[in-house]
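Following: one structure in structure tokens, then a few remarks.
As the structure is a computational prediction, the values presented were derived from the model and not from experiment.
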Amino acid sequence: MGNYPFFKKVVLSFFSKKLYIYSARAEGNKTGLGYLILLLCIFWIPLAIKLHLSFSYFIDTELPPFIGKVPVIEIHDGVASFDKPSPYIITDEKTGRDAIIFDESGEYTSLENTDAEILVTDSKIIYKKGAYETREYSLKEIKNFSLTHEKIISWAGYGKYISILIYLLIIPCVFVYRAFLALIYTLIGLIFQAILQTKFSFQTIYRLSILAFTPAFIIDKVFMISDLDFTGWSFCCMVLSLAYLYFAIKVNKDEDIANSALPPELGTNYSGGNSGI
């Protein structure tokens with residue numbers, strides 16, 4: 001049947017009967033998990049790059065004007081002071097509401113009756129954790145600290161690399177999710193097998209399930225990169241994946257019928273070839 005390297009598999013998974021026949025018959029010792037992890041690692045890279053570019057644009061373009069509004073904060077022996085007259089309020093330009101209040105005068109002692117999310121006084125920081133909950137952080141343990149615009153910009157620069165951390169964290173999570181999803185598809189595949197009267201092992205159908213959701217996975221990633229979305233898309237991905245799984249089992253059923261009509265010596269040999277995945 002020939003060799004099917006990774007990228008060839010990805011492309012042919014959209015239409016090739018021979019690939020699904022090969023996967024069912026010539027990869028009997030494989031679970032498909034190696035192919036799955038490689039699929040996730042490679043096709044999540046464009047999304048990680050997009051995320052990196054978004055963070056970089058925000059940090060380089062949108063963040064500096066906001067930071068310019070933040071007062072320089074000096075803390076000595078647990079007491080904070082600002083280089084702006086108190087109370088100093090930063091408003092949200094989009095909504096016109098108060099966003100952050102800096103006050104060492106004592107006029108503001110809580111976030112009650114304000115729209116602000118954060119209040120910084122001379123002794124504590126108060127912030128809204130949720131619609132009905134606020135938290136306080138005392139400054140009394142801080143001996144000497146200075147928060148300048150330069151420090152904030154410097155720290156924010158590390159945010160450009162958060163996409164790498166997100167990528168490293170999301171791949172294992174998505175792998176577990178996809179592996180479990182393939183298990184669910186395999187159980188449905190056993191129903192397809194009963195309908196089509198084939199006799200493939202659970203492992204074979206599991207491997208076909210992983211291969212079968214490749215087209216929906218690739219389309220989904222293209223949509224994510226393009227910021228395209230519509231209601232019911234996840235359901236469409238499931239239907240498309242199951243349709244490909246039914247197709248995979250069906251073409252193998254048809255191959256069995258075709259081979260049964262030939263003399264044994266003319267039957268198709270699927271023992272050769274190895275995808276290496």
Side-chain angles (χ1 to χ4, degrees), residues 40-41 44-176 224-227 229:
L40 298 176
C41 288
W44 270 93
I45 289 176
L47 292 168
I49 293 174
K50 181 181 179 180
L51 190 62
H52 172 74
L53 295 176
S54 296
F55 282 145
S56 296
Y57 177 81
F58 173 77
I59 291 169
D60 293 336
T61 306
E62 297 183 4
L63 189 60
F66 175 79
I67 291 176
K69 299 178 181 179
V70 177
V72 173
I73 303 174
E74 299 282 350
I75 303 176
H76 298 290
D77 295 324
V79 179
S81 61
F82 318 116
D83 68 343
K84 303 283 187 181
S86 292
Y88 177 74
I89 301 175
I90 299 177
T91 59
D92 187 329
E93 294 182 354
K94 294 181 179 180
T95 64
R97 295 182 176 182
D98 296 344
I100 307 176
I101 301 173
F102 298 87
D103 183 23
E104 57 181 313
S105 69
E107 180 177 340
Y108 289 90
T109 58
S110 74
L111 291 171
E112 292 181 8
N113 302 317
T114 73
D115 295 325
E117 298 289 328
I118 302 173
L119 169 62
V120 183
T121 71
D122 62 343
S123 62
K124 58 188 174 182
I125 300 173
I126 305 173
Y127 62 94
K128 290 182 180 179
K129 186 179 180 182
Y132 305 101
E133 182 181 3
T134 60
R135 292 289 181 90
E136 292 187 7
Y137 176 79
S138 175
L139 304 177
K140 65 180 181 180
E141 300 297 330
I142 302 176
K143 296 302 181 182
N144 289 286
F145 179 75
S146 177
L147 183 63
T148 64
H149 297 163
E150 291 75 18
K151 280 186 178 180
I152 298 175
I153 291 292
S154 176
W155 293 343
Y158 292 105
K160 294 181 180 180
Y161 304 101
I162 196 172
S163 57
I164 299 175
L165 177 61
I166 292 174
Y167 175 82
L168 294 176
L169 291 175
I170 202 170
I171 290 299
C173 296
V174 175
F175 174 75
V176 171
M224 290 179 69
I225 294 171
S226 305
D227 292 323
D229 191 19

Approximate separation, where rounding is to 0.5 Å, of [X] [atom1] and [Y] [atom2]:
X: L147; Y: E74; atom1: CG; atom2: CD; answer: 9.0 Å
X: T95; Y: D115; atom1: OG1; atom2: CG; answer: 7.5 Å
X: S123; Y: Y137; atom1: OG; atom2: OH; answer: 12.5 Å
X: K128; Y: T114; atom1: NZ; atom2: OG1; answer: 5.0 Å
X: I75; Y: N144; atom1: CD1; atom2: CG; answer: 9.5 Å
X: T134; Y: E112; atom1: OG1; atom2: CD; answer: 8.0 Å

Parallel, tilted or perpendicular: rings of F102 and F82 (30°, 60°):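 F82 vs F102 ring planes: perpendicular.
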
Side-chain ([X]) to main-chain ([Y]) donor-acceptor, under 3.5 angstrom:
X: Y127; Y: V120; answer: no
X: K50; Y: I225; answer: yes
X: Y88; Y: D83; answer: no

List, one per line, each side-chain donor-acceptor pair under 3.5 Å for residues 148-156, sequence neighbours excluded.
| residue | atom | partner | partner atom | Å |
| --- | --- | --- | --- | --- |
| T148 | OG1 | E150 | OE1 | 3.4 |
| T148 | OG1 | K151 | N | 3.3 |
| H149 | NE2 | I67 | O | 3.3 |
| H149 | NE2 | V70 | O | 2.5 |
| K151 | NZ | S146 | O | 2.7 |

Residue pair [X] / [Y]: nearest heavy atoms and the distance that separates them:
X: A48; Y: S163; value: O-CB, 3.6 Å
X: D92; Y: A99; value: N-CB, 4.1 Å
X: I166; Y: L51; value: CD1-CD2, 3.5 Å

Is any side-chain heavy atom of [Y] closer than 4.5 Å to one of [X]?
X: T121; Y: T109; value: no
X: D103; Y: S86; value: yes
X: L165; Y: Y167; value: no
X: Y108; Y: I89; value: yes

* Would you please name every residue forming a side chain to side chain contact (heavy atoms under 4.5 Å, CB included) with I49, sequence neighbours left out? =>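 Side chain to side chain contact (heavy atoms under 4.5 Å, CB included) list for I49, sorted by chain: I45, L53.
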
Would you say OH of Y57 has more than 12 non-hydrogen atoms from neighbouring residues, nucleotides or ligands within 6.0 angstrom?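 No, the 6.0 Å shell around OH holds no more than 12 heavy atoms from other groups.
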
